[in-house]
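Following: one structure in structure tokens, then a few remarks.
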2 protein chains.
Amino acid sequence: MKDRLTERQNEGYEFIRSHMRRERRPPTLREIGEALGIRSTNGVSKLLDVLEEKGYVEREPHAARGLRLVEEERAPLASGGGAPDLPLVSRTPSDQPDELRRRPRSYLAVDPRFLRKADDPRACLLARAGDDGMSSDGIRKGDLLVVEEQRANALDNGDMAAFLVGEELRARRFYYANGTMHLRSADSHYTEETYPPGAAGCHPVGRVLGLFRTF
Amino acid sequence: MKDRLTERQNEGYEFIRSHMRRERRPPTLREIGEALGIRSTNGVSKLLDVLEEKGYVEREPHAARGLRLVEEERAPLASGGGAPDLPLVSRTPSDQPDELRRRPRSYLAVDPRFLRKADDPRACLLARAGDDGMSSDGIRKGDLLVVEEQRANALDNGDMAAFLVGEELRARRFYYANGTMHLRSADSHYTEETYPPGAAGCHPVGRVLGLFRTF
DNA sequence: GCCTTGGGTGAAAACATGTTCACCACCAGA
DNA sequence: TCTGGTGGTGAACATGTTTTCACCCAAGGC
């Protein structure tokens, strides 16, 4: 699978590796050439062709610095490849749910173990709870909710779910009965809300898998 | 030194950060523009000018992908800006607090932003709350607490702190008065506990910085 | 002698990427 | 009312970077 490298090829590979650690980006052909004493970018390009054939690097055609080390890709954790980034969504009005993943406020690394209940980790996102309606269930305003996006009909009665109501994100228990969605709060100060499916004022985002809070 | 960013500027910064983690190389102006919905490379360039002025990034003129994150430069480990792993400690008796970091049950990746209030991220660990004494404050039995190890005399009155009591880990408000430690619960069903410093039955672990919960 | 492989040179062409210039709109504060 | 900061558009331009093409040399195997 992975052929052995000649001495010269290994020099090239090692330079690329060290360059990526130092600079946090791949070298250009010229940079490689300069380091190895190769005056022609074509000479370098051929060297990379060999490294690619032998399975040590991958190249993205025509891209500047379009070089990746195969080894580091798979590195389980060696360099932080382990935890996927989830987008922390910014405030979104409930009548424009498509905006949810646009312009995320930031990305946070989340250990895959927190997503083990998700059908699809890529459907997961982070959103801030906008009210205290579930504080009796231990969810407080400002908590970061881990939400797996789901359509309402994929939710089961009693699921902890997240909804956009106006511009606010609310965690509630979800119930579906008599053709309406019921959003049940855990807090007696909050009343149960009901919406017809597809109501502009309330968009079901998905199931709540977990939460993060900082003090 | 480091000025605050506007929301829009933060979107740009966060995209760059996440792109570098995913791709192991900085984005081009056009890649940034595409992600943020900016059609002119000049618009992106001006955004980067601001990020540079405010001390978040550095630019290498004329270089392709000539972008570096100031923050990640100083990152202690070569983990490429990846999330550090915190040990999830296993059950430890309060009279053997040194065992706390021995044989951790597992390690979980935790985004550095969850540790921003820590003096020393390496002093942080994860532990499961063993009772419901703080449920009125939103901490429930089984929650994963992010704890920065600290000696009791580094704690301030009113801090949310973690204690080993017997073999159980408890979150409580910490108060020190009249030569005794007071562990105040948020829940009226629990009574306040007091211990002399150094009591074998109660070992202060540190300050609680945050919590993780999965449903 | 002839072919293959590894390892090149040099230059032009094609494409990717950053820079500059002219211009626009909104908003908050002096 | 003016000014400066923020956040852009669009196009031309200059530079960086990779590709392609033609050609070279030495060593080893047949």
Side-chain angles (χ1 to χ4, degrees), chain A residues 2-16 19-20 22-69 90-91 99 102-106, chain B residues 1-16 19-20 22-70:
Chain A
K2 228 171 191 177
D3 290 350
R4 284 191 70 79
L5 297 179
T6 68
E7 207 171 313
R8 189 63 168 149
Q9 289 158 7
N10 188 55
E11 278 179 39
Y13 180 74
E14 287 301 328
F15 169 74
I16 296 168
H19 183 280
M20 291 197 65
R22 279 198 317 278
E23 307 272 341
R24 298 212 189 279
R25 70 183 184 203
T28 63
L29 297 187
R30 285 191 229 293
E31 285 167 345
I32 300 173
E34 198 167 341
L36 301 193
I38 302 176
R39 264 170 304 206
S40 168
T41 57
N42 184 39
V44 177
S45 188
K46 286 186 179 177
L47 170 60
L48 292 183
D49 287 343
V50 178
L51 289 181
E52 187 169 26
E53 274 171 28
K54 294 193 176 177
Y56 286 78
V57 306
E58 283 173 7
R59 300 177 75 182
E60 179 184 337
H62 299 288
R65 304 179 191 277
L67 200 53
R68 309 157 53 155
L69 299 183
S90 50
R91 215 164 46 125
E99 293 292 302
R102 300 271 300 253
R103 307 170 41 156
R105 182 181 306 275
S106 72
Chain B
M1 156 158 301
K2 227 170 192 178
D3 291 349
R4 284 191 68 79
L5 297 180
T6 67
E7 209 170 312
R8 190 62 169 149
Q9 288 159 7
N10 187 53
E11 279 176 33
Y13 180 74
E14 288 299 336
F15 169 74
I16 297 168
H19 183 283
M20 291 197 66
R22 279 198 317 278
E23 306 272 339
R24 312 281 214 202
R25 69 182 185 205
T28 64
L29 296 187
R30 285 168 180 81
E31 284 168 344
I32 298 174
E34 199 168 340
L36 301 192
I38 302 175
R39 265 172 302 213
S40 168
T41 54
N42 184 37
V44 178
S45 188
K46 286 187 179 174
L47 171 61
L48 293 184
D49 287 343
V50 178
L51 289 182
E52 187 169 25
E53 274 171 27
K54 294 191 177 178
Y56 287 79
V57 307
E58 285 173 5
R59 299 178 76 182
E60 179 185 335
H62 298 288
R65 305 178 189 275
L67 200 54
R68 308 157 53 158
L69 298 182
V70 172

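Since the structure is predicted, the reported quantities are computational estimates derived from the model, not experimental observations. Naming: A, B, ... by sequence-line order, numbering from 1 per chain.
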Under 4.5 Å between any side-chain heavy atoms of B:Leu36 and B:Arg8, yes or no?
yes
For the side chain of A:Ser45 and the base of D:dT20, is some donor closer than 3.5 Å to an acceptor across the two?
no
Does the pair A:Leu48 and A:Ile16 meet the rule for a side chain to side chain contact (heavy atoms under 4.5 Å, CB included), with working shown?
CA-CA 10 Å; A:Leu48 292 183; A:Ile16 296 168; 3.8 Å; yes
Is there a donor-acceptor pair closer than 3.5 Å between any side-chain N or O of A:Glu52 and the backbone N or O of A:Arg59?
yes
Using a 4.5 Å cut-off on heavy atoms from C-beta on, say whether the side chain of B:Glu23 contacts that of B:Glu31.
no
Relative to the 5' end of DNA chain C, which residue comes earlier, B:Thr41 or A:Val44, by the nucleotide with the nearest heavy atom?
A:Val44
Please evaluate the base of C:dG8 for a donor-acceptor partner in the side chain of A:Asn42 within a cut-off of under 3.5 Å?
no
Going by heavy atoms closer than 4.0 Å, what residues in residues 26-33 of chain B are next to DNA chain C?
B:Thr28, B:Leu29, B:Arg30
Toward the 5' end of DNA chain C, by each residue's nearest nucleotide, A:Val50 or A:Ile38:
A:Val50
Sugar-phosphate or base contact per nucleotide [nucleotides 25-30 of chain C; S, B, -; heavy atom under 4.0 Å]
------
Looking at residues at least two apart in the chain, or sitting in another chain, which of them share a side-chain contact (heavy atoms from CB on, under 4.5 Å) with A:Ser40?
A:Asn42
Atom OH in B:Tyr56, atom CG in B:Leu5: separation rounded to 0.5 Å?
4.0 Å
Is B:Thr6 touching bases, backbone alone, or none of the nucleic acid, heavy atoms closer than 4.0 Å?
sugar-phosphate
Pick the closest DNA chain D nucleotide for B:Gln9 and for A:Ala64 by heavy atoms, then say which residue is nearer the 5' end.
B:Gln9
Determine whether any donor atom in the side chain of A:Ser40 lies under 3.5 Å from an acceptor atom in the base of C:dG8, or the reverse, and answer yes or no.
no
Does the side chain of A:Arg59 get closer than 4.0 angstrom to OP1 or OP2 of D:dT19 through an N or O atom?
yes
Heavy atoms from C-beta onward define the side chain here; which of C:dT19, D:dG10, C:dT17 lies closest to that of B:Arg39?
D:dG10
Touch class at under 4.0 angstrom, heavy-atom based, for B:Leu47 against every strand present
nothing
How far does CD of B:Glu11 sit from CG of B:Leu47, to the nearest 0.5 angstrom?
9.5 Å
Looking at CG of B:Leu29 and CZ of B:Arg65, how far apart are the two atoms once the value is rounded to the nearest 0.5 Å?
10.5 Å
More than 12 foreign heavy atoms under 6.0 Å from CD of B:Glu34: is that the case here?
no
With distance as the sole criterion, do the side chain of B:Lys46 and the base of D:dG8 form a donor-acceptor contact below 3.5 Å?
yes
If only side-chain N and O atoms of A:Arg65 are considered, is one of them under 4.0 Å from the OP1 or OP2 phosphate oxygen of D:dG16?
no
